[in-house]
Protein chains: 2
Amino acid sequence: MTESILEAAVVANHELFLRTNDRLTATLAEQGLTQATAHALWVIDPAEAPPTMKELADRLHCNAPNLSFVMNQLTSRGLVERSADPADRRSRLVALTDDGRRVRSVVIEAALALSPFARLDTDDLLHLVSLLGKALELAAAPA
Amino acid sequence: MTESILEAAVVANHELFLRTNDRLTATLAEQGLTQATAHALWVIDPAEAPPTMKELADRLHCNAPNLSFVMNQLTSRGLVERSADPADRRSRLVALTDDGRRVRSVVIEAALALSPFARLDTDDLLHLVSLLGKALELAAAPA
DNA sequence: CGTTTTTACTTCGAGACTTGAAGTTGTTAC
DNA sequence: GTAACAACTTCAAGTCTCGAAGTAAAAACG
């Protein structure tokens, strides 16, 4: 009973994610990005201090070698730049270039416009964000 | 303004999906499954009539060659069986084996237990499913 | 009917992603 | 000062995904 409600929620969340990604395919291709590179670009907020590779790997739920691979692509496309962290020279700080900021904006705008969520009204959206946020908080809390 | 609420919703949706998958990794490995094969198993509901390959490709948002690849793995693991559709001999009907049903249950149970949504109470869950369902409906509706 | 077009599926080959193992460089702990 | 650890990269192997091409069956057409 509650079980099937939970399953409906998990399935709907999954489906919404897949559908958004599907619709974004064309935009990503236009920008010369793949899902992996686009996601990496997304999680680098130009308004915040440049994150380290380790921090980015956490955000992307991927491992270090994978991130190096993705960052090499973004670097060769001229969208990000790596520099040594003055505070810990083992670390690399990753910052968006001007081009990177531009492309990131394009991707995010497209994703928001294409997401099925875009059709919800503000009340529903606020409620939805509240519920999703609650789930994420509870997930972080101790068992 | 509304923009940032929408972005929060899209990001939270994505993050919840990634986090659930992350936690499921161990279970999938135990069952000898990958994400792709597990997802394929999930969308074959044993309570319904066996779907065709085409129908499955739609559900998985993947193309035909990819589905063939995934189904070959599930078939060689003895989890599904393909048979010609008597109504249209071009089509293949895909059905779970007894083992397939067992493994599918294990995966779904684990996913539901590990999903951050599992910590929401029934009221919140009902509300959430309603909002997610609304978004999916609106997405299907005409522009 | 018989031919043409379309549809469902598979195979193949190339490209892209992901991962573990191993190595480099720099930091921390003793 | 040396041993342990941490951040990152490179490399090689495995997996996933896709387009192109091929097969078989159904549908459309005259």
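All values derive from a computational prediction rather than experimental measurement. Below, all heavy atoms of this structure are taken into account, side chains as well, without hydrogens, waters or symmetry copies. Each chain gets a letter, A, B and so on, in the order the sequences are listed, and its residues count up from 1.
Between the side chain of B:T97 and the main chain of B:G78, a donor-acceptor pair closer than 3.5 Å is present. A donor-acceptor pair under 3.5 Å is formed between the side chain of B:R104 and the backbone N or O of B:W42. A donor-acceptor pair under 3.5 Å is absent between the side-chain atoms of A:R92 and the main chain of A:A84, judged by distance alone. Between the side chain of B:S115 and the backbone N or O of B:A111, no donor-acceptor pair lies under 3.5 Å. Judged purely by atom type and a 3.5 angstrom limit, B:N13 uses its side chain to pair as donor or acceptor with the backbone of A:N13.
Listed nucleotides: C:dT18, C:dT10, D:dT9. Nearest to the side chain of A:A36: C:dT18. With distances taken from any side-chain atom of A:R92 to the nucleotides D:dC18, D:dT15, D:dC8, the minimum falls on D:dC8. The side chain of A:S91 sits closest to D:dA7 out of D:dT17, D:dA7, C:dT10.
When B:L41, B:T34, B:T37 are each tested for a side chain to side chain contact (heavy atoms under 4.5 Å, CB included) with B:V70, only one passes: B:T37.
When the side-chain nitrogen and oxygen atoms of B:N66 are compared with OP1 and OP2 of D:dC18, one or more of them lie within a distance under 4.0 Å. B:Q73 has a side-chain polar atom (N or O) that falls below the 4.0 Å cut-off from OP1 or OP2 of D:dC16. Regarding contacts with the backbone of C:dT11, a side-chain N or O of B:N72 is found under 4.0 angstrom from either OP1 or OP2. Side-chain nitrogen and oxygen atoms of A:S68 include none within less than 4.0 Å of the OP1 or OP2 phosphate oxygen of D:dT10.
Checked against salt bridge (charged side-chain N to carboxylate O under 4.0 Å, His left out), B:D85 has no partners two or more places apart in sequence or in another chain. When the ring pair (Phe, Tyr, Trp, His ring centres under 6.0 Å) test is applied to A:H127, the partners found at least two apart in sequence or on another chain are B:H127.
In this structure, A:N63 places its CG atom 14 Å from P of D:dA7, rounding to the nearest Å. One interatomic measurement links the two molecules: CG of B:L33 to P of D:dC16, which rounds to 10 Å at whole-angstrom precision. Computed from coordinates, the A:L28 CG to D:dT17 C1' distance equals 15 Å when rounded to whole Å. Counting to the nearest Å, the P atom of C:dG15 and the CZ atom of B:F69 are 18 Å from each other. In this structure, NE2 of A:H39 is placed 14 Å from P of C:dC17, rounded to the nearest angstrom. What separates CG of A:L93 from C1' of C:dG26 is a distance of 15 Å, to the nearest Å. C:dA8 atom P lies 17 Å from atom CZ of B:R82, rounded to whole Å. Taking atom CG of residue A:L60 and atom P of nucleotide C:dC17, one finds them 13 Å apart after rounding to whole Å.
By the 4.0 Å N-to-carboxylate-O rule, A:D99 lies close enough to A:R102 to be salt-bridged with it. With respect to B:R101 and B:D98, a salt bridge is recorded, a charged nitrogen being found less than 4.0 Å from a carboxylate O.
Residues from residues 51-59 of chain A that place a heavy atom under 4.0 Å from any atom of DNA chain C: there are none.
Across the interface with DNA chain C, nearest-nucleotide mapping of B:A64 and A:L67 shows B:A64 to be the residue nearer the 5′ end.
Counting Ile, Leu, Val, Met, Phe, Trp and Tyr side chains that sit under 4.5 Å apart, directly or through other members, B:L18 shares a hydrophobic cluster with A:F17, A:L18, B:F17.
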Distances for protein N/O vs nucleotides 20-28 of chain D N/O pairs under 3.5 angstrom?
residue, atom, partner, partner atom, Å
D:dA26, OP1, B:R89, N, 3.1

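Taking five base pairs at each end of the helix from C:dC1-D:dG30 to C:dC30-D:dG1 and finding the rotation axis that steps the C1' atoms of four pairs onto the next four gives two axes whose angle is 30°, to the nearest 10°.
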Report the C-alpha distance between B:R77 and B:N72 in whole Å, list the side-chain angles of each, state the deciding distance to 0.1 Å, and finish with yes or no for side-chain hydrogen bond (donor to acceptor under 3.5 Å, both in side chains).
CA-CA 9 Å; B:R77 286 251 2 239; B:N72 284 340; over 6 Å; no
